[in-house]
Amino acid sequence: MIGLAATPEVSLADEPVRIRAWGLPPQTAITLRAWVRDEKGDIFHSRAFYQTDTEGKVDLEQSEATGGDFRGIYPMGLFWALKPTTPYRRLIKRDVMGSPFLVHLELYPSVLLVPSEDHLPAVTTVVERWYVAPGVQRLQVRDGRVRGALFLPPGEGPFPGVIDMFGGIGGLTEFRSSLLASRGFASLALAYFAYEDLPSFLGVVDLTYFEEAAQFLLRNPKVSGDGVGVVAVCKGAEIALSMASYLPQVQATVCINGTNAVNGNFLTYGNISIEGIPYQIERAQTTHSGAMQLSFTLQDPRKPEYQDCILPIERARGPVLFCVGDKDQNYDSLFFANEALARARKKGKQNVYLRRYPGAGHLLEPPGSPFCPVSQSPFFPLPLMWGGELVPHCTAQETCWREMRDFLHSNLAPGTKSKL
């Protein structure tokens, strides 16, 4: 009898899953397919072809995919390669507390070049991919101006506190915070525009709002120490570097594919007011598929007229880690990170670190997250190119997640010196 197993059947979304099949004819080509339905009803799917061994078995930890969406030995390849049936959709978990993603795995005893409803799988199984561990609490945050969601690990704590932000999509995105709380952090998923009563458009970045968020987090009795960490991507990473440069509450910062200067909007904090470097939208490029690449729209901060826009990273209280995909097509993130690193060294600040991930794009997310090279963004008329290549990008996500967590744990412990 043909069998298909995925273990564990229930897991956190950042944990690996082992997939095995048996009971098949030896030395036979088969198709393994995965699919998941998101909360909006969109389907994401992947498939790969395998050759059974002499005993009629396939084990994705040892068996090589011969074709399909990828080739080679990649145990999590079917999860990495999930792509939307409707073009330009992005798989994002919205309701992290109420339900998992149900990933359906199907085995077909032949090569399925063009799947259709007429093809029925020989055997199926389902795995639950949760974004929150048992016992993690979610608290809606409406404290003064601060809006977001606070995730607390089970137990009395205290736990290192982290502010988690995303970029130009706006709103409130929680899946990274819920996973961070599942790994021992008190994590505040912070909204800063296009959410509830916050501004619908990011015209001004008022750092006092982010300082209030840090103070809110530090007041919680389950949060340890007198400083917080910040994790952010894209525009959020630019704000994170601003927070590190100006706010005394920020103790450790992770900037994922961001910039080293204020771009596009005003930054204000007390008597400080910085006019951002204007975007050059006329330099946007469109691809053959109709998507838009924005990396050329950000100007060179080394120009004399933009020197005051560069963020004073040397003022940061704690260490800063730049995580950069060198195939990022949204920002020239590697250039910006190298500029920040050079400034820090020139000014005598040594605890600034750069991790470059070859072949990775803009959206470096937790392990197991599907590769998303392009997707629709709510504030742009065309889909945006994020860049990267499937295998190196998803491999980088595993490394980045581990290094980021280690960095935060090491540098948010009370009384510790900065480490990487």
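Residues take their numbers from the sequence shown, with the count starting at 1. In this text the structure is predicted, and so the values were computed from the model without any measurement.
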Q) Does Phe296 have its ring centroid less than 6.0 Å away from the ring centroid of Tyr279? A) no

Q. Looking just at side-chain N and O atoms, do Gln299 and Tyr306 make a donor-acceptor pair shorter than 3.5 Å?
A. yes

(Q) Please determine whether a side-chain nitrogen of the Lys or Arg among Glu174 and Arg138 lies less than 4.0 Å from a carboxylate oxygen of the Asp or Glu. (A) yes

(Q) Show, in sequence, the C-alpha distance, side-chain angles and deciding distance for Arg176 and Ser187, and conclude whether the side-chain hydrogen bond (donor to acceptor under 3.5 Å, both in side chains) test is met. (A) CA-CA 9 Å; Arg176 190 167 57 207; Ser187 185; over 6 Å; no

Q: Establish, from distance only, whether the side-chain atoms of Trp386 and Asp328 form a donor-acceptor pair under 3.5 Å.
A: no

Exercise answer: donor-acceptor pairs, residues 76-86 side-chain atoms, under 3.5 Å, sequence neighbours excluded:
{"residue": "Lys83", "atom": "NZ", "partner": "Asp69", "partner atom": "OD1", "Å": "2.8"}
{"residue": "Lys83", "atom": "NZ", "partner": "Asp69", "partner atom": "OD2", "Å": "2.8"}
{"residue": "Thr85", "atom": "OG1", "partner": "Ile43", "partner atom": "O", "Å": "3.2"}

Q) How far apart are the C-alpha atoms of His45 and Trp35, what are their side-chain angles, what is the distance that settles it, and do they pass the ring pair (Phe, Tyr, Trp, His ring centres under 6.0 Å) test? A) CA-CA 4 Å; His45 61 96; Trp35 65 272; 10.0 Å; no

**Q.** Whether over 12 other heavy atoms sit under 6.0 Å from Asp308 CG
**A.** no

Q: Report the residue from Leu408, Val228, Asp226 that forms a side-chain contact (heavy atoms from CB on, under 4.5 Å) with Gln251.
A: Asp226

Q: Can you sort out the partners of Phe266 under ring pair (Phe, Tyr, Trp, His ring centres under 6.0 Å), two or more places apart, ordered by chain and number?
A: none

Q: Keeping the roles fixed (side chain from Ser242, backbone from Glu238), state whether a donor-acceptor pair exists under 3.5 Å.
A: yes

Q.
When you measure from the side chain of Ser295 to the backbone of Tyr331, do you find a donor-acceptor pair of N or O atoms at a distance under 3.5 Å?
A. no

Q) Using 4.0 Å as the upper bound for N to carboxylate O, is an ion pair formed by Glu106 and Arg33? A) yes

Q: Compare all side-chain heavy atoms of Arg283 with those of Gln293 and state whether any distance is below 4.5 angstrom.
A: no

Q) Counting only heavy atoms not in Glu156, do more than 12 sit closer than 6.0 Å to its CD atom? A) no

Q: Begin with the C-alpha distance, continue with both residues' side-chain angles, and end with the deciding distance and a verdict on side chain to side chain contact (heavy atoms under 4.5 Å, CB included) for Tyr192 and Leu202.
A: CA-CA 8 Å; Tyr192 56 95; Leu202 192 65; 3.8 Å; yes

Q.
What I want to find out is whether Asp300 reaches Arg302 closely enough, with some N-O distance under 4.0 Å, to be called a salt bridge.
A. yes

